[in-house]
Structure formats: C-alpha cells, structure tokens
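Predicted model only: the values in this text are computed from it and were never measured.
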Number of protein chains: 2
Amino acid sequence: MNSSRTVSLADVAREAGVSPATASRALNSAYGVAAATRERVAEVARRLEYVASPEAARLATGTTRSVALVVPHLDRWYFGEMVGGLEEVLRAAGHDVLLYHVGDPEGRHAFFEHLPARRKVDAVVVVAVPVTDHERRRLELMGVTIVAAGGQDAMYPYVSIDDAAAVRQATEHLLRLGHRRIAMITAVDPDRTDQPIHRGRTRGFYEAMTRNDVPIDEELVVTTTWGGVQAAEAMEKLLSVRELPTAVLAHSDEMALGAMRTIRRAGLRVPEDISVIGIDDHPLAELVDLTTVRQPVRDQGLQAAHLLLALLRGEQPDRAQKLPTRVVVRSTTATARIDRSGAEHSAPGITRH
Amino acid sequence: MNSSRTVSLADVAREAGVSPATASRALNSAYGVAAATRERVAEVARRLEYVASPEAARLATGTTRSVALVVPHLDRWYFGEMVGGLEEVLRAAGHDVLLYHVGDPEGRHAFFEHLPARRKVDAVVVVAVPVTDHERRRLELMGVTIVAAGGQDAMYPYVSIDDAAAVRQATEHLLRLGHRRIAMITAVDPDRTDQPIHRGRTRGFYEAMTRNDVPIDEELVVTTTWGGVQAAEAMEKLLSVRELPTAVLAHSDEMALGAMRTIRRAGLRVPEDISVIGIDDHPLAELVDLTTVRQPVRDQGLQAAHLLLALLRGEQPDRAQKLPTRVVVRSTTATARIDRSGAEHSAPGITRH
DNA sequence: CGCATTTTCGGAAGCGCTTCCGAATATGAT
DNA sequence: ATCATATTCGGAAGCGCTTCCGAAAATGCG
C-alpha cells in the first residue's frame, strides 16, 4: 500500500522537464513562469499526487502557516463553539490549527513557561483566558501575532461581546417585568479568584439598576466560580436571605440551570416564585426553555480569525470588536409576583420566543 | 523586544565549544556523548533559551511528532470532552495536536479528498466519525497510524463504550421500574442517514426487551438525527401514537431534554406520566436531574491516546477497548404508573443519586 | 532588421537540524 | 608498557523546499 517513496518536488520537476526552481515557482508564486509551463507542472503534480513537504517549506520560508489556539476547558460549550469558528476560517485560509489546552493552574503554568508552541506557529489566539502580566510577557517571547477571542482582554486585538451591555440587557428585562429584588450570581475564574473576571458583567448590573433607580441589596450579589453546581450552591445562599429575591440573573446558562435546581428543590417554582435568566443561549437553553441573553459565540470565533488573518497580512484592522447580544425570552422569567413598590412598567412589548 | 535572532543549535554548539553534531546528540540522544559535555551543552542551551526548530528536526528525521484529531461538531460536549482527554496525554508525550473539523458533508469531503494533514502528522485519530470505505481508503493514503476514539469503528484500533450494553442498561432500568411500553428515540448521523449509526445501541434495546419477554411496539421506535430539537420533534410523533409510551429512552442526554420539552409542552409530566432516560451523563444532566447512563468520555480520549502512543512505539496493544457504562438514577424516571400487565419487579434496589 | 527590454528559467546557496562514518582519544587487559 | 577495544566527538552529507541572481530566450521598438 505505502510502497513507493513519497514524490518530491524534484520528481515533479524531472517529470515535467523543468528545474526544481521552476517547479516550485510554478506551484506557488503566480509570476515568473510561463503559463504553459505552469500548467504542465501542475498537471504532473496532480498526476503524481504530489504533496509538498510542509517542514521543508517552512524551513525555507521561515513561516509555519499554522496558529496556536490556547483554550481552557474544551469541555464547555462556549469554548467548543468558539474553537469551531476559529478553526473554520483559519483552515480555509490554509493554516493549520494547533490546540493547546491550559485547563488547570499547572497546565497553565507549564504552557506559559515552556511555551511549547514556540517556533511552531505564526500566531496564537488566546480563547477567553485572562492572562496575567507575567504570562503576557512570556507569550511575547514567542514573537508572534496574538489576538484574543472572547473574554475581555484589551491587551491584544480582540473580539468579544460587550459584557456590561449583556448584563444590562438581562437586568433591564427583569426590571421591565417588574422585578426589584434582583439577585446576581457572579462568576469568577477559578485560577484567578482575586479579581472578578467579568468586571464588565458586574458593572452592567450596577449600571442598569442605578439607572432605573432600583436599590441594590448587596446581600443578593453572590460570587462563585463558573459551573452549574457552584451556582446551585450559591443559590442556596440566596435562598437563606431574609427576604427572597424575585429574580436571579446568572452569568451563564449553566449557572442558571444550577440555580434553578436549587430553587425547585427548595419547593419553589420557576418562574412563578423566582424568575431566572442566564447568559449565552447555550443550545440546551432552548430545550429547557430558559430565558437568556444570547451571545454569538461562533461568530466571535469567526471574527477573531479574520482579525488575525488581517493582522498577519500586515493590515491595520480595528483592534477591538464587540459583537451584539440580545435577550431571548423563554419561560423562566415572568412578571414579578409581589409588586412591592409599584412596578411602573409591567412587561410591555415583550414577545415570546 | 524581539530583537536578536533566535538562537540556533550552531550558536549553542559554538558557545559550548563543541560541534553542532555533538550538541545535537547531547540535547537529544542519551548516548555517544560524555556526561560532562552533555551537561555543559545543556547548561548553555538553557542559558541561551535555545528552542530547537521543529521543522528542521522534522525535515531531518522524517518524523513530525504531531497527530491529527479529526472531529465533527466541536460544539457538542461529547467531542470537547473527548478532545480534551486526547490532548492531555498526547501533549504530555510531547506531541502536537492538530485539529481538523469535518462538520458538514462538504467539509468532510474536502478533508478526505485533500487530506490537509498529509505529511504533517505521524498519526490521526478519528473521533466518533463513521468513515466510509472510500474515506478509509483515502485516509490510508497518508500512510500513518490511525486509531478511533468513540463511535463504533472496528476498522481501526479503537476505544469506545459498549453501545449495546449501555442501552441495555437503560432499558433494563426502565423495565425494572415496571415499564413495558418503552419508546426509543434513535439517533443517526446526519451525513450517513442510510445506516443506523449506532447499530449497537439499537441492538441493545431489542436484546434487553426480548430477553425480558417484553414485546416491542415498532411504532415506539423513532429515528432522527442527533440533536435536541430533532428529538423534540420525534417525541411529538411518539405522542401521537394511540397508546402512549410510559417511558422513553433517548440516545443522548440532549435528545432526552428535547423529548422532555415536548412532553411538558403537551401538558404531561416527567416522570409521573412518562419517564425519560438519556445516555452520556452530560454535565448539565446533573443540573436538570436527568436519569441517564453515564459513559466515561474523557477516559475514552485518554485511553485512545495511550493506545495510539503504544502503537507508535511499535507495541502490539489490544486493538479494541470497551469502557464500562452505568446508569445514574436521578429524577426523570419513576415506577410505571399504569401497570398494564403485572410488572414482576417493582424497582428494588434502585438507589437515588 | 538590430538593439534594448522584458520574460522565463536553471544553478546554487541555504534554512537548521540529524546521523553516518571515521579519527582521535581514553580505557582496559595482558 | 603495549595493544586491542570502547568511548567521545567532528566532518560532512543530506532532508525537501524557496529564492536570489544571472543567463538565455522572447518580445517590443524605432
């Protein structure tokens, strides 16, 4: 099966009656070779099923035509979707996609210290991972183009959503439904619990509330790491508050589901007793009829890849792109039951999805 | 920042006062170089932050130290989890991981015809994608080691679960609960609707049913493509049957959720009116209290990677590995309400999760 | 039709590493 | 101390491609 040696450029050249130099030009660069010759070489190459040796080409040109994707948590929908988008356009542009998983702190440390991608890629895209200053410095050692997809690193050219706006939309949806005691389950990155990773999201909540003159009960703002079960636990804390919230806003759909489980197990109903809204529009959100604010994840991947390609071409594209989000109303949110302080607006113009 | 040229082996050699040949040996092969020299070279390399040029090494050795992962649907949990497992051990073994997404039919066709990974990898692992004979032949053109992770291709060395057993477990769980009118929502690959992709799963159902002398109503076995909404539609068909099923078994958790939505929207309750069981133990299954049969996805990835490494080392490992599954009882299954024909066993020994 | 350009193409160097082979040196046995 | 053997190391040839440079051929112009 795998009998004959793989054919080399030299083979093609010989067969086509030209020099390797010409063969190379014929196959790659458009100019400097007569149309007839080019066609002949191409024909021979096709017939011989010639496939260029990428290493040789890379060695000679010094360019790898491949990019590294640095991702934590392949297992979460958000990341898979993002990677899918990136892969699509990167591959279409003829680049190879190397995957680097930096899940836990050790893996993360290993990646930034050893830089396994060094010398192997022309660019790296960090997918929603907040890099520390030190990590950033290490990354720069690679001397390649860097872009960020998702997350909120203004450090590099990036494309993401407007986190503050997303949460504002969610909050305003609840406010419109007459809710005033709104709780929020804030997510932080487990590796970087020091700072609220989605400052933007937290800010959006405060903005929407104050803008609508609704007081914020700090007791109703709880913080935990990403993940459904963590959110479920956080929700328990919220249920132990003197006066229950009438709605809760979670930083992700998974977290919203976790919260819902706790609520139901406590004998309360969603949305009759407590409304729940998530963020993401995870594919399963539709199946469980979860109200959420949709963010275009795949699009972020696509755009980030385009941004990267532009950078690689030496262009000067917009270094920051924010994609729009919008709330998708399903059935986990409803008008507030206990209107404690005269809800001005009672859910007008809200269309069901 | 990126001022000085990257250091080459020659630089290290010069600095250490040895020839490039010796430097290379010192850094790679264990033997043929005095311990003192090796240490000196290593020291210099470290000091100069030397990183070998992979292309040069590859060109010279003819080995790439990287493997291709061929996956459809990055966006589904199953695949992300699997890839995560694969990546972990492959990377730990010093291999690079190239990602090839072959989602839709075109992408798929493009991949197998152009074989973009050709000459770029030492091995490829196909992740739960059923390859046709033609595709298999194309793949072999690459002349590399191939293993399958997940799915049911006995074509290559593989690791997966015993699909028949998994469904048998699910079916038996329902039977133990006294169900007799059990429906199944079968999944097929959208690209290959011709043949039931999970023959094993379908078989497991028939086996369990006949083994327990429970008649199968063919009307209760519906087929659709993977996905929650598809399953939701399939469920509608099941609800239009003269005599409703008392339980439904879906080929994935996503599908189970889709079915549940349809059931609920029809005004029926889960599990009081209809029990639902899925397969996978998707992380969200826990959050929605879905009964399911858990399959160790990540482990399949890990094992598949180990299998591949063994093969690459020239060993002769078991060409087929089946990982165990087990049902995880939560709250979407309950004892059958309408015991139409004297259910012998009424759920003994079932412990709640 | 002759000369200046332009186009097409081959020679050759080089990308950075590995590895075969043989020379030089060290080690051990007698 | 001497010779055989083992060990350590350098020279050099490639791996398969790209690209600079110059020669040869084709084309355009007056």
Visitor: Quiz question: by atom type and distance under 3.5 Å, do the side chains of A/D122 and A/S66 form a donor-acceptor pair?
Guide: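 Distance-only check fails for A/D122 and A/S66.
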
Visitor: Within the supplied structure, the quantity of interest is the number of heavy atoms (other residues, nucleotides, ligands) at a distance under 6.0 Å from B/E315 CD; does it exceed 12?
Guide: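 More than 12 within 6.0 Å, yes.
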
Visitor: Which whole-number value in Å describes the distance from A/L9 CG to D/dG16 C1'?
Guide: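 Distance, rounded to whole Å: 7 Å.
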
Visitor: Taking the side chain as every heavy atom from C-beta outward, state whether B/K120 and B/T64 have any atom pair closer than 4.5 Å.
Guide: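 A side-chain contact under 4.5 Å is absent here.
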
Visitor: May I have the step-by-step check of salt bridge (charged side-chain N to carboxylate O under 4.0 Å, His left out) for A/R40 and A/E43, ending in yes or no?
Guide: CA-CA 5 Å; A/R40 184 154 39 89; A/E43 157 58 21; over 6 Å; no

Visitor: State, to 0.1 Å, how close A/R91 and B/P116 come at their nearest heavy-atom pair, and which atoms those are.
Guide: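 Shortest heavy-atom contact: NH1-CB, 4.1 Å.
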
Visitor: Can you pull out the residues from residues 53-68 of chain A that lie within a 4.0 Å heavy-atom distance of DNA chain C?
Guide: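 Heavy-atom cutoff 4.0 Å gives A/L59, A/A60.
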
Visitor: Strictly under 4.0 angstrom, non-hydrogen atoms only: write out the protein contact profile of nucleotides 23-28 of chain C, one letter per nucleotide from the 5' end, B, S or -.
Guide: ------

Visitor: Could you tell me whether the side chain of A/R65 and the main chain of A/A93 form a donor-acceptor pair under 3.5 Å?
Guide: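 The answer is yes, because a donor-acceptor pair under 3.5 Å joins these two groups.
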
Visitor: If you take all heavy atoms of B/V41 and B/L27, which pair is closest and at what distance?
Guide: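 Taking every non-hydrogen atom into account, CG1-CD1, 3.7 Å.
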
Visitor: Take atom NZ of B/K120 and atom P of D/dC15, then tell me their distance rounded to the nearest Å.
Guide: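 Whole-Å distance recorded here is 22 Å.
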
Visitor: Run the side chain to side chain donor-acceptor pair (under 3.5 Å) check on A/E81 and A/Q300 step by step: do they pass?
Guide: CA-CA 9 Å; A/E81 187 80 0; A/Q300 289 177 64; over 6 Å; no

Visitor: Could you tell me whether the phosphate oxygens of C/dT18, OP1 or OP2, come under 4.0 Å of any side-chain nitrogen or oxygen in B/S24?
Guide: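 Yes, because at least one side-chain N or O of B/S24 sits under 4.0 Å from OP1 or OP2 of C/dT18.
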
Visitor: Walk along nucleotides 4-10 of chain C from 5' to 3' and tag each nucleotide B, S or - by protein heavy-atom contact under 4.0 Å, base first, then sugar-phosphate.
Guide: ----SBB

Visitor: Mind listing the closest non-hydrogen atom pair of A/Y78 and A/G151 along with its distance?
Guide: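 Answer, listing the atom of A/Y78 first, then A/G151: OH-N, 3.7 Å.
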
Visitor: Please determine if a side-chain N or O atom of B/Y50 lies less than 4.0 Å away from the OP1 or OP2 oxygen of C/dG16.
Guide: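 Checking C/dG16 against B/Y50, no side-chain N or O comes under 4.0 Å of OP1 or OP2.
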
Visitor: Where the side chain of A/R138 meets the backbone of A/E113, is there a donor-acceptor pair that is under 3.5 Å apart?
Guide: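 Yes, the answer is positive, given that a donor and an acceptor are paired below the 3.5 Å cut-off.
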
